[in-house]
Structures are given as structure tokens and as C-alpha cells.
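Taking it in order: structure first as C-alpha cells, then the write-up.
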Amino acid sequence: MPAQGIDPSWLARPLAELGFPPSTGVSALRVEAADDWRWGSVEAAFLARILDELRSGTRELALAGVPPELEKLLKLACASPRAAGAGATTLPGIVARVGLRARHGARGLRAFVSLLGEVVLLLPRFAMARAKVRGAEVLEVLAESSSRALVIVAVVNVLMGAILAFVGAVQLRRFGAGIYVADLVGIASVRELTPIITAIVLAGRTGASFAARIATMQGNEEVDALTTLGVSPVEFLVLPRAIALTLLMPMLYVYGCAFAIVGGLWVSASTLDISAAAYWAATRGAIGGANFAIGGLKAAVFGALVALLGCHCGLQAERSAAGVGSATTRAVVVSIVGIIALDAVFAVCANALDV
Amino acid sequence: MHARRTLNSVITIDEVSVGYGMRPVQSGISVRIEKSEIFAIVGDSGSGKSTLMKAMTGLIKAQSGRILFDGKTVEERMTNGAPPFGILFQSGALWSSMTVLENVTMPMDLLDYSAPAARAALARFKLALVGLAGDEDRCPASLSGGMRKRAALARALALDPAVLFLDEPSAGLDPLSARRLDELVKTLRDGLGITVVLVTHELESLYSIADRMIFLDGEAHRPVALGSPAQLAKSADSSKVREFLARRGRMSAEQAEVIR
């Protein structure tokens, strides 16, 4: 043993570089070390490696000069069979990784579409009150996604209406068209922004909680316990959530619209000197039934999307604590992207239908 | 041995391979589990014991071969509306949003078992059987590990199943609770004539309650022994099985040493 000990970097260097003979024909290894040598794990690992590389076939190398306890340890380390290709696990190339991601994505999409199909097929059973759904669960979901979300939906929509009014007021005042702030706030919020913002709030609150809840149940085998009873987790867990959010979102939408208009009114009244009555009259003239219908429909669709994506991510989660975290994140991210993508589809359809 | 025991084979496992992905963890499993038998699936860690149980209960598909319950596959049973099995999951898997009592009444509600008015009383009886009378209104999170296991056993018994699956029932239990659980399983089998399939590492359970066992070898990827634990301890072909089963005496001697 060198006086300064074994340099840990030797563990990673090929033996030939360190001046060892080629492995053929070595049958014994003698280690020389000072009497008070302190054996550490670096020395042990280095010796184990030499023994492993120098032994030819199954023949054991005779070892001398090491304490008996260390010899025992070395024998143990060398006894485990060398895994074929161990340490040679390489990451797949970029093309393979893209392919794997695409396949994973396609599998996820297929699972989501089949979840959607299953929920649609279960709707008649739910309508006839024959679905295996727990009443308390539905009430809990309703409370969680409605009354407990009221404050945040109100705050977000008031601020959104106020911001729109501020931006509009600055521009429109130049042309003496300040009263059109009411049109701007009314149409923008009723048709576009309130459904999107309310859905995004719901995705962050409720969609994430659905994903976390179902992913945890998955990890605790609670979903398996349902499956083995012959009860579909989609029927028991997904259906009530999807229906609750689909019905609740339009209500939250109407509630959100009212606050957005109040926000606009608040800013207009304070910066443009427009009376509440005039503002309200202009708003009523601007937002027609069609805008409300489109906004309400969007809200219902977004609600279903948020619930289904939240549940989907929960059901697809890995069975671990990390799985719960990533399912929650994925649920929120995918929901927000989905909401905006669907809104674009709505815009194209509305344009084509000229509404 | 038992008044209710008949020679009907309730579970037939025929040349079954199980695993995840493409590679089988175990293959060539063939066994007939008789009615009212307590049958143990034993093996080293990662040998596919729980995977085999999952395939038997229909949670995953066997890669090849057939698993039949009175001649029907699990899928056929499920579509026919046959009564489900009782399953005690390793973690208990109690539904955390419900009380203990609701956990036991839930399977009855879902499958419309017995008269609605009788369900709570039935559930209380099952909970009393496992020694949880008085804890009906507690939440699973507030129970100790052993109580959770016992509550889960009560839930597994809710529908009076013909077959009871137990996935490592004594894992995480103190020796006393584990023995009490063993006693309970044995009493249930003797009293109700149910067939019990259990996955276990516990030699004590194995010797005290299992009628027969199968040993899955994790290295050979196939079963290497089938028979009663006492008989296999003496005359199993595989030295691994003999060594595994012989650990009991040594273990208790060591424990005795520690206690002394």
C-alpha cells in the first residue's frame, strides 16, 4: 500500500493505466501494508476491483496480507455475480427519447379519450340515479368547488374588470368615447375572460385537488379496493366530479361576470365620471344573449375539462409520493393549456357561425 | 378436518405466467386450491407473490395461462355480477374519507347486499369480530396500523365472500397482533368455510394456519415447492425452501436470546 493511501481517483481508472499486468495467469495476490495501516472503504473497494478483474473465470484468487475481516468482506463483494453489461446503461438517443415521449403522450391521450367515453356512457345511469355514486362525496365536491371558491372567483373577476376598464379608459378618453368602456368590459368579460379566468382558478384549486386526491387513493390501493369490488373507479370517483364541475361552472360564470362588470363600473365611475345608471345601460346594450350563451357554454365545457383532466392525471399517477406531486402539477398545466386551446376552437366556431 | 370441507376445487391456476411489461416474473404456476383451504403464497422478495395475487383478483392480467374460480375467469365473474372476493390489501387501503363503519357498509351499499336497514348492524357485527367494537365512528387516519389492518379485514368480510385474499396480513404488526390476526383468520375459515389465499413472509403464520403453500423462487422465476409447510420443511426438493422453512427454530432461539 502506498504510504499516502489509495487515491480515490484510481477507482475509476483502468488497471492497465496503473501498471497492473494483463489479467491472464494471476493466481495469487499479496498485499503489503504497514502494521498500523488504517483500512478504509476506498482501499477495500480498490482491492475488490482488482480481485474481480484479475480472477480468470470462476477460479478464486488467493489473497494474502489483509486482515481476516477485510478478506471476508472482499470475498462477499466478489461473490455477487457480475451483471452482464452492468454500468453500461446508456441513455437512449435523442430520436429514441422523442419517440418514447410521443408514445407516452399518445398513450395518455388515448387513456383520456377512453375516460371521456366512459363518463359519457355512464351519464344515462347517473340521470336515472342508478350510478354507484356516494351522496356525501358529491356534496363534498360541490362544496369544495363552489362555496369555498366564491371569494377567489369574485376577487379575480373584479380585478380583471377593473384592469380592462383602466386600459380602455386611457385609450377611449382620447377620442371622447369613454362610455364605450362599458361595452369593452361587458363583451370581453362575458364572452372571453370570465370563463377562462374562472376555469383557470378552478383548475388550480379544484382540478389540482382532484388529481392529488385520486393519486393518493391510487397509492394507498384505495382505487384497487374499489376495482376488486367490481365498481369502476370512473363511475365512483370521476363521474360525480365531472358532473359537479360541469353544472357548477356556468353558475360561477354568471357570478364572475357580475363581479367583472362591478369592477369595470368601479373604475369608470371613479376615473371617467360615468354614472352607474349610464354604465349599466351601456353594458346591457352591449352584451347580447348570444354572448351570454357562448360564455355559459364555454364555462360548462371548461368545467368538464378541468374535472376530467384532474381525475385523469390522478388515475394515471405513479404510486408514490412523487407521483402525487407530478400528477397535481400535470393536472394544472394540462388544464390551463386545454382551456386556452378549447377557447381558440370556440373562437373559430363562433366566427364560422357568425355569432 | 372441517365439517364444511368438500373436495370441490374452487381455484384452478393453470400454467400461469405473471409479470409487468414483457418479462414474466414467475411462470409455469399450476395449482388447485381446494375449498376451505388456507393456501399461502411464499417466496423471496420480488419473486412475484403480490403480482400473482393481483392476477388472481383481476387487478392485472396474467401474461399467459388461466386462473379459474369454479370454472369461471375473474372477468367472467365480474360481468356476471358474481359476489366479489374479500381482499385485505397490504396497506389496508381503507377509504380515507369515510369512517370505519362507512368503510364496511360501503361495499354492501355499492353492491346492494342485504337489506339497507340491516347493513349498519351487519357492519358492526363484522367490526366486533375483528375487535373494533366502539371504534366505528373513527377515521382511518386516527387508527393504529394494527387497527387499520383489522378494519380492512372487516371490510373484506363485509360481503361474506367465499374467497378471502390476504396480502401480507401481518406486515407491520407486532407479534402479538399478528398472532391474533392469524387466529382470527383460522376461526373465520373454520366457522364460515371460506377459502383463504394469503401472501406472507411470516413463518409463524405459515406454520400455524397454512394448510398448504407454494414457494415462488425469485431467481429461477418459477415455483419450486408445493405442499404443507411442515412436510416441505423436511422433504422439499429445493434446499432454498428447506432453509427458508428451517429458519423458524433458529429465529425463536435468537429472539429468546435477545429477551434473556
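Reminder, nothing fancy here: chain letters follow the sequence lines and each chain counts from 1.
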With only heavy atoms counted, which part of [X] is less than 4.5 Å from chain A, the side chain, the backbone, both or neither?
X	value
B/Glu102	side chain
B/Leu159	side chain
B/Arg77	neither
B/Leu110	both

Ignoring hydrogens, what is the shortest heavy-atom contact between [X] and [Y]? Give both atom names and the distance.
X	Y	answer
A/Ala225	B/Ala93	CB-O, 4.1 Å
A/Thr228	B/Pro84	O-CB, 3.4 Å
B/Trp95	A/Met217	CD1-CE, 4.0 Å

Nearest 0.5 Å please: distance from the [atom1] atom of [X] over to the [atom2] atom of [Y].
X	Y	atom1	atom2	value
B/Asp112	A/Arg130	CG	CZ	11.5 Å
A/Glu221	B/Lys54	CD	NZ	6.5 Å
B/Ile87	A/Asp224	CD1	CG	8.5 Å

Residue selection (most heavy-atom pairs with chain B, distance under 4.5 Å) from A/Thr227, A/Val223, A/Asn220, A/Leu229: A/Leu229
Most contacts with chain B, counted as non-hydrogen pairs under 4.5 angstrom, among A/Arg134, A/Arg213, A/Glu140: A/Arg134
Heavy-atom pairs under 4.5 Å with chain A, option from B/Gly86, B/Gly92, B/Ser96 with the top count: B/Ser96
Which atoms of A/Glu137 approach chain B - backbone, side chain, both or neither, heavy atom under 4.5 Å: side chain
Crowding at OH, B/Tyr20 (>12 non-hydrogen neighbours, <6.0 Å): yes
Exceeds 12 heavy-atom contacts within 6.0 angstrom, atom CZ of B/Arg66: no
For chain B, which residues of residues 311-328 of chain A have heavy atoms nearer than 4.5 angstrom: none
